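Just below is one structure, and these are the notes that go with it.
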2 protein chains.
Amino acid sequence: MTDFKKILREAKLKVTPARLATLAALSKSSRPMTAEEIHVKVGKSGIDPVTIYRTLASFEAHTLVKRVDLHRDAVHFELADPHHHHIVCTSCGAMEDFDVCDVEAIGKKILRHSSNFKTIQEHSLELFGLCKKCMK
Amino acid sequence: MTDFKKILREAKLKVTPARLATLAALSKSSRPMTAEEIHVKVGKSGIDPVTIYRTLASFEAHTLVKRVDLHRDAVHFELADPHHHHIVCTSCGAMEDFDVCDVEAIGKKILRHSSNFKTIQEHSLELFGLCKKCMK
DNA sequence: ATCACAAATGCAAATCATTTGCAAGTAAGT
DNA sequence: ACTTACTTGCAAATGATTTGCATTTGTGAT
């Protein structure tokens with residue numbers, strides 16, 4: 001079982017029910033989630049949606065979660081680890097993960113040519129296409 | 001001089017002042033713009049912000065513009081052509097373009113392994129880091 | 001275990017971006 | 001010029017996310 005408490009402590013964040021529940025929700029989900037989806041999953045009663053937003057902001061600042069723009073609905077979040085990306089159907093939202101990612105290499109090349117940037121913290125990479133069903 | 005009318009006609013879109021102004025604004029800008037920024041640039045009086053939103057939606061549907069998530073403020077848009085990506089400072093928003101992009105290759109590999117996707121229409125790829133000034 | 005304090009939470013209300021409905025205006029083909 | 005479908009403006013509705021503030025709760029130190 002993943003030790004969410006340990007994750008929080010290592011991030012120097014206080015261990016609270018809302019944070020544990022948020023980590024659990026994200027961990028159990030196979031897809032990136034919106035704040036609202038997380039709120040529903042942790043039990044609509046109990047934890048205020050505002051807390052979810054603040055929790056996610058805090059997690060993002062501590063690189064526990066990653067913001068994902070799927071070009072649909074609100075912003076989605078997912079656990080930063082393990083690193084992966086998505087291919088999304090622009091029509092129905094179907095999604096697959098992939099972990100092929102040469103961005104590290106690209107990043108290094110960019111940094112070499114950039115006069116203003118010296119480090120890369122993270123990156124986004126999503127593919128958008130049509131799934132089988134929506135192709136016809 | 002870019003022929004915006006031609007661009008619109010080729011996209012089978014009616015040539016209107018709002019669309020020409022939006023294309024001009026995006027064309028003149030060196031950065032992706034939000035709907036609000038475009039609204040300001042085309043002259044706040046004159047064209048309704050709602051029209052900008054509808055124009056951008058239409059442009060996006062016709063792949064004239066590309067939606068860019070810079071992890072700050074509202075959604076940004078930029079002309080789809082020429083194809084390029086960005087490295088963005090997470091602290092101050094400073095930005096550089098880059099056109100190195102092996103995503104085509106990655107995309108092909110993904111499609112080969114995917115059972116549900118057969119075509120890719122577009123992709124997002126942005127790097128997030130700290131600029132020189134914000135590093136200290 | 002108890003204390004002290006900074007950090008986290010809930011609730012209400014504000015803000016901001018974006019969308020929708022509808023009536024009036026206009027580009028484009030005939 | 002005429003017709004028709006597509007666009008636009010304005011007002012109002014949504015929806016997501018943020019902010020203020022008083023209260024509660026982790027945590028590290030006693």
Side-chain angles (χ1 to χ4, degrees), chain A residues 3-25 32-62 64-77 93, chain B residues 3-26 32-62 64-78 93:
Chain A
D3 189 345
F4 299 129
K5 289 190 187 177
K6 191 178 170 200
I7 293 177
L8 288 174
R9 292 206 180 100
E10 287 178 351
K12 298 196 183 70
L13 289 171
K14 286 186 183 175
V15 176
T16 70
R19 287 175 176 167
L20 290 172
T22 301
L23 283 181
M33 302 172 85
T34 64
E36 170 59 14
E37 288 169 343
I38 295 173
H39 182 220
V40 170
K41 192 136 168 196
V42 303
K44 265 209 172 201
S45 52
I47 295 173
D48 194 278
V50 174
T51 299
I52 306 290
Y53 281 105
R54 288 195 269 230
T55 297
L56 289 170
S58 157
F59 282 4
E60 189 185 15
H62 289 79
L64 259 44
V65 301
K66 200 179 164 220
R67 171 183 300 257
V68 187
D69 177 22
L70 300 175
H71 289 196
R72 45 179 53 240
D73 309 319
V75 178
H76 287 70
F77 291 87
Chain B
D3 190 344
F4 299 128
K5 290 190 186 177
K6 192 179 172 201
I7 293 177
L8 289 174
R9 292 205 180 99
E10 286 178 352
K12 297 198 183 68
L13 287 171
K14 286 188 182 173
V15 175
T16 70
R19 287 173 177 168
L20 291 172
T22 300
L23 283 181
L26 286 171
M33 302 172 85
T34 64
E36 170 59 13
E37 288 170 342
I38 295 173
H39 182 222
V40 170
K41 191 135 166 195
V42 304
K44 266 210 170 194
S45 51
I47 294 173
D48 194 279
V50 174
T51 299
I52 306 290
Y53 281 104
R54 288 197 270 231
T55 297
L56 289 170
S58 158
F59 282 3
E60 189 185 16
H62 288 80
L64 259 46
V65 301
K66 199 178 166 224
R67 173 183 299 258
V68 187
D69 176 23
L70 300 175
H71 288 196
R72 43 178 53 240
D73 308 320
V75 178
H76 287 70
F77 291 88
E78 66 183 1

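The structure displayed is predicted, hence computed values, not measured ones. In what follows, every heavy atom counts, from backbone to side chain, and hydrogens, waters and symmetry copies are set aside. All chains are named by letter (A, B, ...) in the order of the sequence lines, taking the proteins before the strands, and each is independently numbered beginning at 1.
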* Asked: Starting at NE2 of A:His62 and ending at C1' of C:dA8, how long is that distance when rounded to a whole Å?
  -> 13 Å
* To do: For each nucleotide in nucleotides 7-18 of chain D, reading 5' to 3', give B when a protein heavy atom comes within less than 4.0 Å of its base, S when such contact involves only the sugar-phosphate, and - otherwise.
  => SBBBB----SBB
* Taking side chain as C-beta onward, heavy atoms only, is B:Phe59 less than 4.5 Å from B:Arg19? -> yes
* Asked: Using rotation axes that map the C1' atoms of four end pairs onto the next four (five pairs an end), what angle separates the end axes of the helix from C:dA1-D:dT30 to C:dT30-D:dA1, to 10°?
  -> 50°
* Asked: Closest heavy-atom contact between B:Leu8 and B:Leu20?
  -> CD1-CD2, 3.8 Å
* Under-4.0 Å salt bridge between B:Arg67 and B:Glu60 -> yes
* Asked: Considering all heavy atoms of both residues, which atom of B:His39 and which atom of B:Ile47 are nearest to each other, and what is their separation?
  -> NE2-O, 2.8 Å
* To do: Please report the closest heavy-atom contact between A:Ala18 and A:Thr55, naming both atoms and the distance.
  => CB-OG1, 4.5 Å
* Out of curiosity, B:Lys41 NZ to B:Thr22 OG1, how far, rounded to the nearest 0.5 Å? -> 11.5 Å
* Asked: C:dT18 C1' sits how many Å from A:Arg72 CZ, rounded?
  -> 17 Å
* Are B:Tyr53 and B:Leu56 close enough that some pair of their side-chain heavy atoms sits under 4.5 Å apart? -> no
* Taking atom C1' of C:dA8 as reference, at what distance in whole Å does atom CG of A:Leu8 sit? -> 13 Å
* Structure fact -> B:Leu20 CG to C:dA28 C1', in whole Å, measures 15 Å
* Asked: Tell me: CG of B:Leu56 to P of C:dA17, nearest whole Å?
  -> 14 Å
* **Closest heavy-atom pair and its distance - B:Ala21, B:Val42** => O-CG1, 3.6 Å
